[in-house]
K.L.:
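Starting off with a structure, shown below.
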Amino acid sequence: MSPGSKGQADFGRIMTLLAAEVAKVLRGKNKPTFTPHVDTGDHVIVVNAEKIRVTGKKLEQKEYFRHSGYPGGSRFTKLSMMLEKQPERVVEMAVRGMLPKNKLGAQQYRKLNVYAGPEHPHAAQKPEVLEISVR
């Protein structure tokens, strides 16, 4: 991680608002040197992913889709089940959907680290807490 790494500690943040702010930092849109075709973003560590909130009826209605590649291999998973089993994956998928769909977006996505609890192994990089002004 670079010295400009940003840390993130969120308690009960709304998932989509958090993902939008994290995507901005990953892209570097919060810097005056932002250039759309250059990766100028920082590394981001999101902790406490298990404590995110969603609005409306998303817990019961939102479904994640994946396919095994075989005929009839469609698999649907509800958001409530994903939050129980893999809360990190929910945040990762939300942020990934807000990044560019090209090689640059893949490069920026690799700078994202999400952890379910408050512990992370990146203390040696001295991450700074990033205050996000969302509800």
Side-chain angles (χ1 to χ4, degrees):
M1 295 187 127
S2 63
S5 299
K6 302 289 183 186
Q8 181 67 47
D10 285 301
F11 300 99
R13 302 281 183 171
I14 296 175
M15 178 180 64
T16 52
L17 299 176
L18 171 68
E21 290 296 321
V22 169
K24 284 181 191 174
V25 174
L26 285 172
R27 291 203 63 200
K29 289 188 112 177
N30 59 339
K31 296 181 176 183
T33 59
F34 172 70
T35 309
H37 66 282
V38 178
D39 185 10
T40 58
D42 291 324
H43 290 260
V44 177
I45 304 166
V46 179
V47 294
N48 295 321
E50 60 198 8
K51 296 182 180 182
I52 61 167
R53 293 185 297 134
V54 292
T55 57
K57 297 181 181 180
K58 289 187 189 85
L59 276 178
E60 299 87 32
Q61 293 179 352
K62 184 169 177 62
E63 290 186 326
Y64 291 96
F65 171 79
R66 59 192 169 96
H67 197 278
S68 67
Y70 289 97
S74 300
R75 302 287 184 259
F76 295 94
T77 309
K78 294 213 178 277
L79 176 60
S80 57
M81 290 299 294
M82 287 282 284
L83 284 174
E84 288 175 18
K85 295 182 179 183
Q86 301 173 322
E88 314 91 11
R89 189 83 178 114
V90 173
V91 176
E92 287 173 358
M93 292 172 75
V95 172
R96 185 171 207 153
M98 297 182 185
L99 292 175
K101 281 42 169 194
N102 54 27
K103 291 179 183 180
L104 182 61
Q107 183 180 356
Q108 292 165 345
Y109 177 71
R110 283 192 289 270
K111 293 181 177 183
L112 175 66
N113 297 298
V114 182
Y115 299 98
E119 302 297 322
H120 65 83
H122 305 287
Q125 282 73 34
K126 300 178 185 150
E128 304 166 4
V129 175
L130 176 65
E131 292 299 325
I132 294 179
S133 60
V134 293
R135 298 174 281 238

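Position 1 is the first residue of the sequence; numbering continues from there.
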K.L.:
Give me the atom names and distance for the closest heavy-atom approach of A49 to V91.
P.N.:
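Result for this residue pair: CB-CG2, 4.0 Å.
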K.L.:
Would you call K85 and T77 a side-chain contact if the rule is heavy atoms closer than 4.5 Å?
P.N.:
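Side chain of K85 against side chain of T77, heavy atoms only: no contact under 4.5 Å found.
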K.L.:
Transitively linked via ILVMFWY side-chain contacts under 4.5 Å: M82 with L18?
P.N.:
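Yes: a chain of side-chain contacts under 4.5 Å links M82 to L18.
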K.L.:
For F34 and T40, which heavy atoms make the closest approach, and how far apart are they?
P.N.:
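Scanning both residues, the minimum pair turns out to be CA-OG1, 4.0 Å.
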K.L.:
Residues sharing F65's hydrophobic cluster, by side-chain heavy-atom contacts under 4.5 Å among ILVMFWY, directly or via others?
P.N.:
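Hydrophobic cluster check, F65: joined to F76.
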K.L.:
List in chain and number order the residues that pass salt bridge (Lys or Arg N to Asp or Glu O under 4.0 Å) with E92, two or more places apart in sequence or in another chain; answer none if no residue qualifies.
P.N.:
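With neighbours one apart ignored, the set is R89.
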K.L.:
Who passes side chain to side chain contact (heavy atoms under 4.5 Å, CB included) against K57, sequence neighbours left out?
P.N.:
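Testing K57 for side chain to side chain contact (heavy atoms under 4.5 Å, CB included), a comparison that skips the adjacent residues, returns E60, Q61.
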K.L.:
For P100, give me all partners under side chain to side chain contact (heavy atoms under 4.5 Å, CB included), at least two apart in sequence or on another chain.
P.N.:
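Applying side chain to side chain contact (heavy atoms under 4.5 Å, CB included) to P100 gives R27, N102, Q108.
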K.L.:
Please name the pair of heavy atoms, one in D42 and one in L26, separated by the smallest distance, quoted to 0.1 Å.
P.N.:
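So the two residues come closest at O-CD2, 3.5 Å.
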K.L.:
Which pair of non-hydrogen atoms, one from E88 and one from A116, has the smallest distance, and what is that distance?
P.N.:
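The pair with the smallest heavy-atom distance is OE2-CB, 3.0 Å.
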K.L.:
Tell me every residue that passes side chain to side chain contact (heavy atoms under 4.5 Å, CB included) with S80, counting only those two or more places apart in sequence or in another chain.
P.N.:
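By the side chain to side chain contact (heavy atoms under 4.5 Å, CB included) rule, S80 matches L59, K78.
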K.L.:
Evaluate the side-chain contact (heavy atoms from CB on, under 4.5 Å) criterion for residues L130 and V44: first the C-alpha distance (whole Å), next the side-chain angles of each, then the deciding distance (0.1 Å), finally the verdict.
P.N.:
CA-CA 9 Å; L130 176 65; V44 177; 5.7 Å; no
K.L.:
Please identify each residue that fulfils side chain to side chain contact (heavy atoms under 4.5 Å, CB included) with R96, with sequence neighbours left out.
P.N.:
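Counting only residues at least two positions away or on another chain, R96 forms a side chain to side chain contact (heavy atoms under 4.5 Å, CB included) with Y109.
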K.L.:
Between atom CZ of R53 and atom OG1 of T16, what is the distance when rounded to the nearest 0.5 Å?
P.N.:
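Atom-to-atom, R53:CZ and T16:OG1 are 10.0 Å apart.
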K.L.:
Enumerate the salt bridge (Lys or Arg N to Asp or Glu O under 4.0 Å) contacts for residues 99-109, please, sequence neighbours excluded, ordered by first and then second residue.
P.N.:
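Non-adjacent pairs meeting salt bridge (Lys or Arg N to Asp or Glu O under 4.0 Å): zero.
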K.L.:
How far apart are the closest heavy atoms of H120 and P127, and which atoms are they?
P.N.:
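Shortest heavy-atom separation between H120 and P127 comes out as CE1-CG, 3.9 Å.
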K.L.:
Let me confirm one number: the CG-CZ distance from L112 to R110, rounded to the nearest 0.5 Å.
P.N.:
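L112 atom CG to R110 atom CZ measures 12.5 Å (nearest 0.5 Å).
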K.L.:
Sequence neighbours excluded, which residues qualify as ring pair (Phe, Tyr, Trp, His ring centres under 6.0 Å) partners of Y70?
P.N.:
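Testing Y70 for ring pair (Phe, Tyr, Trp, His ring centres under 6.0 Å), a comparison that skips the adjacent residues, returns none.
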K.L.:
Run the side-chain contact (heavy atoms from CB on, under 4.5 Å) test on Q86 and Y64 for me, step by step, so that the C-alpha distance in whole Å, both residues' side-chain angles and the decisive distance to 0.1 Å come before the verdict.
P.N.:
CA-CA 12 Å; Q86 301 173 322; Y64 291 96; over 6 Å; no
K.L.:
Measure the CZ-NE2 distance between R75 and H67 for me, rounded to the nearest 0.5 Å.
P.N.:
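Going from CZ on R75 over to NE2 on H67, the span is 8.0 Å.
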K.L.:
Would you say NE2 of H37 has more than 12 non-hydrogen atoms from neighbouring residues, nucleotides or ligands within 6.0 angstrom?
P.N.:
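It does not: H37 NE2 has 12 such atoms or fewer within range.
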K.L.:
Side chains of E21 and R13, heavy atoms from C-beta outward: is any pair under 4.5 Å?
P.N.:
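Not touching, per the 4.5 Å side-chain cut-off.
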K.L.:
For K62, give me all partners under side-chain hydrogen bond (donor to acceptor under 3.5 Å, both in side chains), at least two apart in sequence or on another chain.
P.N.:
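Scan of K62 (side-chain hydrogen bond (donor to acceptor under 3.5 Å, both in side chains), adjacent residues dropped) gives none.
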K.L.:
Do V90 and M93 sit in the same hydrophobic cluster, where Ile, Leu, Val, Met, Phe, Trp and Tyr count as joined when their side-chain heavy atoms come under 4.5 Å apart?
P.N.:
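Yes; M93 is reachable from V90 via cluster members.
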K.L.:
Excluding sequence neighbours, so at least two apart, what forms side-chain hydrogen bond (donor to acceptor under 3.5 Å, both in side chains) with T55?
P.N.:
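Counting only residues at least two positions away or on another chain, T55 forms a side-chain hydrogen bond (donor to acceptor under 3.5 Å, both in side chains) with K58.
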K.L.:
In terms of hydrophobic clusters joined by side-chain contacts under 4.5 Å, are V114 and V54 together?
P.N.:
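They do share one cluster, since a chain of ILVMFWY contacts under 4.5 Å joins V114 to V54.
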